[in-house]
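What follows is a short report on a single structure.
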Amino acid sequence: MKRLFIKTYGCQMNVYDSARMADLLAPLGFAASETADDADMVILNTCHIREKAAEKVYSELGKLKLMKAAKAAKGERMILAVAGCVAQAEGEEILSRQPAVDIVVGPQSYQRLPEMIAKIVRGVGHALETEFPAEDKFDHLPQHSISNGPAAFLTVQEGCDKFCTFCVVPYTRGAEFSRPVGDVLAEAKALVAGGVRELTLLGQNVNAYRGQGPDGTAWSLAKLIAMLADVRGLERLRYVTSHPRDMGDDLIAAHRDIGQLMPYLHLPVQSGSDAILAAMNRGHSVGDYLRLVERVRAARPDMALSGDFIVGFPGESDADFEATLALVRAVGYAQAYSFKYSPRPGTPAAADNRQVSEAVKDARLQELQALLLTQQAAFNATCVGKTMTVLFEKEGRQPGQAMGRSPYLQAVHADGAAALIGQIVPLRIAEVGPNSLKGILLPTHEAATAKRVMAD
Ligand code: SAH
Ligand code: SF4
Ligand code: F3S
């Protein structure tokens, strides 16, 4: 057996892809390993979204180069591969910056890995693949075989046609592509047969999903979700990430009508200033977003909203930033991600001469994060005393403890629940900790009652 170590950076699509690469290489005799030490093959599955993310890769490669040399001194080989969005964006440049790298493979070319490895073993120097045949990738990667517990990710859509002026994704992942409904269904059923109870459908613009249905027409995400909700044993569905422009009426209605669809929506807005939204090429205004939030909440009043924000986009004034704070106050987020704008090579905003200073970006990020954290704490506090269902995913830190997720995606710990991993169980939320909620198992008879009440 050869040892394979994959290190994953960036978004959930990379997590999904890393698992697919492991499945693809298993028949070649590669068994997954927890560390890079002494591995026969190391893959860095990289992210290019912000400068920091991309630079991390080169420092990691510096360390791996030494490990590779140590292995070579013993007469053994370590194949070093860079996959993911840095591979796609930088291609050849990676080979010149770090000659120890053997393979550079973009996100749409993983199916080529076996032949690339064979090339390296034959001793033909380097191998580079950065083409964009997305259909190929999904047709040739093996189906999701190993699942890591009862909650799994399933990529249904990849790529982006939106070209926000700050973002590299349309360049690294290519054009929007949706997997056919039949393929998604087959993969979902296989996962459920393997013990999965909750599926998160993934896509860079997942709500722009237009996959070919069995009837030959293009199905929306709402229609796909309705079909998956009929798969026996699949008890929870989520999807991420959505674009406000693609939030169709049928998807909003699905949150009202489909019990398995969880009341959590990640709906990035990026900024609360119309001028900045226009400069970002987001294709929606602040008013559009607020009306959308209202419609979503009308369909599902307990919806927990999450978002992404960028501070310090070129030209962002104090007033623009204040408008972002005002939007956050108006919406009330259960959870959110916020970032300092990072100029990315080749994107239009990077060439804008109105860049905001680091000091201003730092101050704005701090202020925004403080507000978002207050909102998160307020949302969590409203959960105390309530009964909610938790899907237990893994053991907690304390003996006998288990960790799971609430419908609103909060982490919940409960004592004495280790035997319940893989099950969806009602809990009473007792308190809010710094990073998770604490839940208490209900006595069996209470649990049975609570289950009935919730089903009603
Ligand atoms: N497709 C998703 C998100 C993709 S990237 C969407 O459109 O919402 C995830 C987040 O990273 C983005 O929502 C954005 O907030 C952030 N991001 C992207 N490019 C960035 C950049 N150049 N600088 C800082 N943050 C960025
Ligand atoms: Fe990037 Fe915008 Fe596409 Fe999201 S919608 S991936 S932020 S270009
Ligand atoms: Fe990063 Fe690529 Fe995902 S740039 S966020 S790994 S799509």
Side-chain angles (χ1 to χ4, degrees), residues 7-18 44-57 82-90 105-108 110 130 132 134 153 155 157-177 202-209 239-247 265-272 276-277 279-284 289 305-314 316 324 333 336-352 355-356 358 361-362 364-365 368-369 372:
K7 182 159 184 174
T8 308
Y9 302 82
C11 64
Q12 303 302 353
M13 319 250 340
N14 268 7
V15 175
Y16 176 87
D17 283 346
S18 289
L44 299 186
N45 195 5
T46 61
C47 175
H48 200 243
I49 202 82
R50 284 168 289 274
E51 193 181 352
K52 245 195 218 155
E55 282 307 312
K56 263 190 220 156
V57 174
V82 178
C85 291
V86 175
Q88 188 63 44
E90 298 188 0
V105 59
Q108 308 307 339
Y110 297 148
T130 49
F132 274 128
F153 296 115
T155 296
Q157 183 276 336
E158 220 178 314
C160 180
D161 299 337
K162 304 264 181 331
F163 292 92
C164 299
T165 54
F166 52 81
C167 184
V168 293
V169 172
Y171 311 98
T172 61
R173 293 274 169 171
E176 285 179 10
F177 166 79
L202 298 179
Q204 261 97 26
N205 283 278
V206 72
N207 58 348
Y209 179 84
Y239 57 93
V240 76
T241 295
S242 296
H243 195 289
R245 262 157 69 188
D246 295 314
M247 203 68 209
L265 179 63
H266 185 64
L267 195 63
V269 64
Q270 315 298 354
S271 167
I276 296 296
L277 287 177
M280 287 176 162
N281 189 33
R282 288 290 292 178
H284 62 80
Y289 185 83
L305 278 169
S306 159
D308 291 352
F309 297 89
I310 294 178
V311 299
F313 183 83
E316 186 186 69
T324 298
Y333 288 91
Y337 303 92
S338 46
F339 312 99
K340 286 190 281 182
Y341 168 71
S342 169
R344 307 307 294 127
T347 58
D352 194 313
Q355 300 294 327
V356 173
E358 258 332 276
K361 284 187 205 174
D362 279 330
R364 287 181 185 167
L365 187 67
L368 175 61
Q369 289 188 336
L372 290 167

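Counting begins at 1 with the first residue of the sequence. All values below come from the heavy atoms of this structure, side chains included, with hydrogens, waters and symmetry mates left out. Each ligand, and each atom within it, is numbered from 1 in the order the structure gives.
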>> Under the criterion salt bridge (charged side-chain N to carboxylate O under 4.0 Å, His left out), I'd like the reasoning laid out for E358 against K340: C-alpha separation, chi angles, the key distance, then a yes or no.
In response: CA-CA 9 Å; E358 258 332 276; K340 286 190 281 182; 3.1 Å; yes

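- The protein atom (non-hydrogen) at minimum distance from atom 1 (Fe) of ligand 2 is C167 SG, 2.3 Å.
- The option from Q204, R173, K361 that lies nearest to atom 1 (N) of ligand 1, judged by heavy atoms, is Q204.
- C85 and T172 make their closest contact through SG-OG1, 3.3 Å (heavy atoms, listed as atom of the first residue, atom of the second, distance).
- Among the atoms of H243, no N, O or S atom falls under 2.8 Å of atom 3 (Fe) of ligand 2.
- Protein heavy atom closest to atom 11 (O) of ligand 1, with residue, atom name and distance, is R50 NH1, 3.2 Å.
- Contact annotation: C85 places an N, O or S atom under 2.8 Å from atom 2 (Fe) of ligand 3.
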>> side-chain hydrogen bond (donor to acceptor under 3.5 Å, both in side chains), that's the test. Do S338 and Q369 meet it? Break it down for me.
In response: CA-CA 7 Å; S338 46; Q369 289 188 336; 3.1 Å; yes

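- The N/O atoms of F166, backbone and side chain alike, include one that comes under 3.5 Å of an N/O atom in ligand 1.
- For ligand 2, the atoms sitting less than 4.0 Å from at least one non-hydrogen atom of P170 are 8 (S), numbered in the order shown with element in parentheses.
- Within ligand 2, the atoms closer than 4.0 Å to a non-hydrogen atom of C160 are 3 (Fe), 5 (S), 6 (S), 8 (S), numbered from 1 in the order shown.
- Ion pairing between a basic and an acidic side chain is recognised when a charged N comes within 4.0 Å of a carboxylate O; D308 and R50 show no such pairing.
- When each atom of ligand 1 is checked for a heavy atom of T241 under 4.0 Å away, the hits are 2 (C), 6 (C), 8 (O).
- Two rings, from F339 and F166, have their centers 6.0 Å or more apart.
- Taking all heavy atoms of C47, A89, G84, C11 into account, the minimum distance to atom 1 (Fe) of ligand 3 is reached by C47.
- Residue F166 has at least one heavy-atom neighbour below 4.0 Å for each of these atoms of ligand 2: 7 (S).
- Near R282, meaning under 4.0 Å from one of its heavy atoms, ligand 1 places the atoms 7 (O).
- For atom 4 (Fe) of ligand 2, the choice among M280, R282, R173 with the nearest heavy atom turns out to be R282.
- Ranking the protein heavy atoms by distance from atom 4 (S) of ligand 3 puts H48 N, 3.3 Å first.
- Atom 7 (S) of ligand 3 has as its closest protein heavy atom Q204 NE2, 3.1 Å.
- Here I310 has side-chain heavy atoms under 4.0 Å from ligand 1, and that is the only part of it that gets that close.
- For ligand 1, the polar-atom distance check against D308 finds a nitrogen or oxygen pair separated by under 3.5 Å.
- Residue C164 approaches ligand 2 through these ligand atoms, each under 4.0 Å from one of its heavy atoms: 2 (Fe), 5 (S), 7 (S), 8 (S).
- Counting heavy atoms under 4.0 Å from ligand 3, residue R173 touches it through the side chain alone.
- Counting only heavy atoms of the protein, atom 15 (O) of ligand 1 lies nearest to Q270 OE1, 2.7 Å.
- The shortest separation from a heavy atom of K340 to ligand 1 is under 4.0 Å, placing the residue in contact.
- Under 3.5 Å, the side chains of Q108 and E158 contain a donor-acceptor pair of N or O atoms.
- For atom 6 (S) of ligand 3, the nearest non-hydrogen atom of the protein is N14 ND2, 3.2 Å.
- Here T241 contributes atom OG1 and Q12 contributes atom CD; the two are 9.0 Å apart, rounded to the nearest 0.5 Å.
- Within a 4.0 Å radius of atom 4 (C) of ligand 1, the protein has no heavy atom.
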